[in-house]
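What you see is a predicted model; the values in this text were computed from it and never measured. Chain naming here is simple, since letters A, B, ... match the order of the sequence lines and numbering starts at 1 in each. Computed from heavy atoms alone, side chains included, the values below leave out hydrogens, waters and symmetry copies.
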Number of protein chains: 4
Amino acid sequence: MNASPRRKELTRLAAQLFVQEGFDRTTVRMLAQEMGIKSGSLFHHFKDKQEILAAVIEEGTQNALIIARKALDECAADPEIRLRTMARAHLETLFTDRNAHVVALFEWRRLDPEARAHLSHLRDAYEALWVTVIDDALEAGLIRGDRFLVSRFVLGALNWTVRWYDPNGPRSPDDLADELVAMIMPAST
Amino acid sequence: MNASPRRKELTRLAAQLFVQEGFDRTTVRMLAQEMGIKSGSLFHHFKDKQEILAAVIEEGTQNALIIARKALDECAADPEIRLRTMARAHLETLFTDRNAHVVALFEWRRLDPEARAHLSHLRDAYEALWVTVIDDALEAGLIRGDRFLVSRFVLGALNWTVRWYDPNGPRSPDDLADELVAMIMPAST
Amino acid sequence: MNASPRRKELTRLAAQLFVQEGFDRTTVRMLAQEMGIKSGSLFHHFKDKQEILAAVIEEGTQNALIIARKALDECAADPEIRLRTMARAHLETLFTDRNAHVVALFEWRRLDPEARAHLSHLRDAYEALWVTVIDDALEAGLIRGDRFLVSRFVLGALNWTVRWYDPNGPRSPDDLADELVAMIMPAST
Amino acid sequence: MNASPRRKELTRLAAQLFVQEGFDRTTVRMLAQEMGIKSGSLFHHFKDKQEILAAVIEEGTQNALIIARKALDECAADPEIRLRTMARAHLETLFTDRNAHVVALFEWRRLDPEARAHLSHLRDAYEALWVTVIDDALEAGLIRGDRFLVSRFVLGALNWTVRWYDPNGPRSPDDLADELVAMIMPAST
DNA sequence: CATGAATGAGAATTCATTCAT
DNA sequence: TATGAATGAATTCTCATTCAT
């Protein structure tokens, strides 16, 4: 709702702590300290600890959506390129805005029902992008299988990277994306 | 350590609660109630809340290892069959022993360092099985790509199923496994 | 560390309860009630139950040190007078600040190692005062014996008074002190 | 009451733990373990944790009484020798049966009222011995002062030794006793 | 006598949240 | 906006004691 720059900064710091410690284990005092204020003051910026979680996830998902849309808008219409672009965009957000996304992926269950309902829309919008890209690739014969299953598998493989990918290692996120796309395309020759 | 049948039963119930509520949100009182004892009695069977978590994960991982080994032992030596078998075994454990596995996948971070070290060995042993299967498939030209990346992608896609797969839906876990294998094999013709 | 007047008052009340019930038997709830706050609020002022104990003992020992130093500074240089002064000062603190001292004497073992180390310094400083006084008395031929033993015996006799002395009885603390000094001086004639 | 040799052994072990940890901090489980049985079994030997404490103190006080009586019976009738003998006997029991005595001295408050009443008699009997010895010494002009105060001071000085005396150091308990007696006798020349 | 499992009444401590200043 | 003190409900864990076997 409120999107003051201060609040945005606080959200960023909260994301980091939520990733490090998990939502439940992150105390309001830890959040406040990280933000350089006292715990009482936090409640001037956020109604709730819940609201902080929602802010983190909303921020992350919204960014992902923007980046993906922009990337798709800017790239060629070729299905293979679009697939690759989407995979790259996904990993790019996942690692530039990693904290928010890890929170979105692994603390979703901690959201209260209202927030969950609100944010589900955003999440669905993002997944819808994927479905169109997958559909096009299927239609073009680039890949085979059930559209639903394929998109789930691909998203799973991509999301799971947060568990093992080391950004300081030799491979770039773009490499990863390309490898995944290559893996599921029968014959890129 | 201690493996009384009572403890095993308690572990199973704990897994269920951990999945429903998350580890941090599951109180020892909830655990005790589910087990039909009083919270004080819990500490006869487990030293700690932590130890319950470790027991759940150990149990689950050990089962997965046993099932996968047995399945591989019993199946033919053909790389494609082995790959399919491994994927099926993975999903089978994931859904027959779902609770333990969801806990293992999503509450791993809540383990204390010692338990984590201990259980890492088990986890590694399991992943090693995957790597051999993937290696064979690569060598046989069934699939292409980096062995490390491929196994990570496949495991990610499979593990992520716990987030969306509905066992009461039209597809069986074996279907899922077959579809995934088909997806990554260039040309099964 | 923190020496807010509030904390000082709380420390005083804690000392009383620790004497009445013993440290281990005094619950934080009892402490809080005596202080007119709720148990949770206690931890705003003290990190720990341990810290309360340490505060009580520190407060008491510091007072004893100040009183003894001042008394010695103000009295004549005559060894006998100094000895009597020190004994009187000891009993004076022992009975004006009785609670803190009883805690210091009988709950010392309940301190955790760090607090013990910290407070040992204070205690040593106080005992050092005694040793100089005893040394002077020995040198002047007022008393005889090993300086170490004599000071231990004298301190023992004085400290033990908290076990039997009744402040409402006929004798004043100063009487006690004088009697003790008389007892150990061969011939005051 | 019951004085089986087994019970006596258990009492000895309990005394040790009570000294090491303090009565309140010694759990029934610790006691049982030290005794090589399980905590449930302890209650076949003692009705209560309280009863163990009472047994420890009773045992110790009774021994002190026996030793002191025997020592006085065997020594000459000379008041100075009797005084020295009593002091030596006190320290001897204090250090051969140290644990029981430290418990008696420092955990007395933890006794419940009945046990306290019962054991007070024993304690009084022991102190009565002291008073006769002190009286004789006063009458003989060996020492001066109020009989009550003198005996309190002497007992205090002796009891306090458990706080600082190192049995492995150069001085024997008998040395200590002699030094104390010398200290309070005007002119032993 | 011994045991192991269970109990239930606390114990210390934590923590999101409130609110007067 | 910020703070610091307070709250109260909840949390993990402890422990003397009981009792069926």
Side-chain angles (χ1 to χ4, degrees), chain A residues 2 4 6-7 10 23-33 35-53, chain B residues 2 4 6-7 10 21 23-32 35-53, chain C residues 2 4 6-7 10 23-32 35-53, chain D residues 2 4 6-7 10 21 23-33 35-53:
Chain A
N2 176 352
S4 69
R6 182 73 193 267
R7 192 178 144 112
L10 299 184
F23 175 70
D24 287 320
R25 295 216 158 142
T26 303
T27 73
V28 171
R29 279 185 154 73
M30 290 163 72
L31 289 166
Q33 179 166 27
M35 298 169 180
I37 57 179
K38 293 299 157 63
S39 68
S41 312
L42 241 185
F43 295 87
H44 290 287
H45 301 279
F46 300 92
K47 170 179 141 285
D48 250 351
K49 199 185 161 191
Q50 269 289 327
E51 201 181 87
I52 307 180
L53 176 61
Chain B
N2 178 354
S4 68
R6 186 70 202 263
R7 193 178 143 116
L10 300 181
E21 310 284 333
F23 176 71
D24 287 322
R25 296 227 161 141
T26 304
T27 72
V28 283
R29 277 185 158 74
M30 292 163 73
L31 287 166
M35 297 171 179
I37 56 179
K38 295 302 160 64
S39 69
S41 311
L42 240 185
F43 295 90
H44 253 277
H45 303 280
F46 302 93
K47 169 177 144 286
D48 250 348
K49 199 185 161 192
Q50 270 287 329
E51 200 181 270
I52 309 181
L53 177 59
Chain C
N2 177 353
S4 70
R6 186 69 201 262
R7 192 178 144 116
L10 299 182
F23 175 71
D24 287 322
R25 297 229 160 136
T26 304
T27 72
V28 282
R29 278 187 156 74
M30 290 163 72
L31 287 165
M35 298 169 178
I37 56 180
K38 295 302 159 66
S39 69
S41 312
L42 241 185
F43 295 89
H44 254 276
H45 303 281
F46 302 93
K47 171 178 143 286
D48 249 351
K49 199 184 160 193
Q50 270 287 328
E51 200 180 272
I52 309 181
L53 177 59
Chain D
N2 176 353
S4 69
R6 183 73 193 267
R7 193 177 145 114
L10 300 184
E21 311 284 332
F23 175 71
D24 287 321
R25 294 210 158 150
T26 303
T27 73
V28 171
R29 278 185 155 73
M30 291 163 72
L31 289 165
Q33 178 166 29
M35 298 169 180
I37 56 180
K38 294 299 157 62
S39 68
S41 312
L42 241 185
F43 294 88
H44 289 288
H45 300 279
F46 300 92
K47 170 177 143 283
D48 250 352
K49 199 185 161 191
Q50 268 288 328
E51 201 182 87
I52 308 181
L53 177 59

Fill in: side chain to side chain contact (heavy atoms under 4.5 Å, CB included) against D:Val28, all qualifying residues, sequence neighbours excluded
D:Ser39, D:Leu42, D:Phe43, D:Lys49
Worksheet item: Whole-Å distance between F:dT12 P and B:Asp48 CG?
Response: 11 Å
Worksheet item: Going from CD on A:Gln33 to OG1 on A:Thr27, what distance comes out if it is rounded to the nearest 0.5 angstrom?
Response: 8.5 Å
Worksheet item: Once you round it to whole Å, what is the distance between C1' of F:dA16 and NE2 of B:His44?
Response: 12 Å
Fill in: Presence of A:His45 side-chain N/O under 4.0 Å of F:dA2 phosphate oxygens OP1/OP2
yes
Worksheet item: Does anyone know the first and last nucleotide of DNA chain E in reach of chain A, 5' to 3', at under 4.0 angstrom to a heavy atom?
Response: E:dC15 to E:dT18
Practice prompt. Figure out the CG/P separation between B:Leu31 and F:dC13, and round it to whole Å.
Written response: 11 Å
Response to the item:
Between B:Ser39 and D:Phe43, the residue closer to the 5' end of DNA chain F by nearest nucleotide is B:Ser39
Response to the item:
Result for 5'-nearest mapping on DNA chain E, choosing between B:Ile37 and A:Asp24, is B:Ile37
Worksheet item: Between atom CG of D:Leu53 and atom CD of D:Gln50, what is the distance when rounded to the nearest 0.5 Å?
Response: 6.0 Å
Practice prompt. Rounded to whole angstrom, note down the P distance from F:dT21 over to E:dC1.
Written response: 23 Å
Fill in: Atom-pair distance (CE on A:Met35; C1' on F:dT3), nearest Å
16 Å
Worksheet item: Separation of D:Met30 atom CE from F:dA16 atom C1', in whole Å?
Response: 14 Å
Practice prompt. Report, as yes or no, whether the 6.0 Å neighbourhood of atom CD on D:Glu21 holds more than 12 heavy atoms from other residues, nucleotides or ligands.
Written response: yes
Discussion item. Distance check needed: F:dT12 P versus B:Lys49 NZ, whole Å only.
Written reply: 4 Å
Practice prompt. Select base, sugar-phosphate, or nothing to describe what C:Ser41 touches, counting heavy atoms under 4.0 Å on all strands.
Written response: base
Response to the item:
Here the distance between atom C1' of F:dT7 and atom CG of C:Leu42, to the nearest Å, is 13 Å
Discussion item. Under the rule for side chain to side chain donor-acceptor pair (under 3.5 Å), what residues qualify as partners of B:Arg25, not counting sequence neighbours?
Written reply: A:Asp24
Item to complete: Provide, to the nearest angstrom, the distance between the CD atom belonging to D:Gln33 and the C1' atom belonging to F:dC15.
Response: 15 Å
Worksheet item: Which string of ( ) [ ] | and . matches DNA chain F, if you list each base 5' to 3' and count Watson-Crick or G-U pairs only when both distances are under 3.5 Å?
Response: .||||||||||||||||||||
Worksheet entry | Straight-line distance of C:His45 NE2 to C:Ile37 CD1, nearest 0.5 Å | 5.0 Å
Worksheet item: CD1 of B:Ile52 to NZ of B:Lys47: how many Å apart, nearest 0.5 Å?
Response: 11.0 Å
Item to complete: Look at A:Arg6 and F:dA2 and indicate whether a side-chain polar atom (N or O) is within less than 4.0 Å of OP1 or OP2.
Response: yes
Practice prompt. Select from C:Lys47 and B:Gly36 the residue whose nearest nucleotide in DNA chain E is closer to the 5' end of that strand.
Written response: B:Gly36
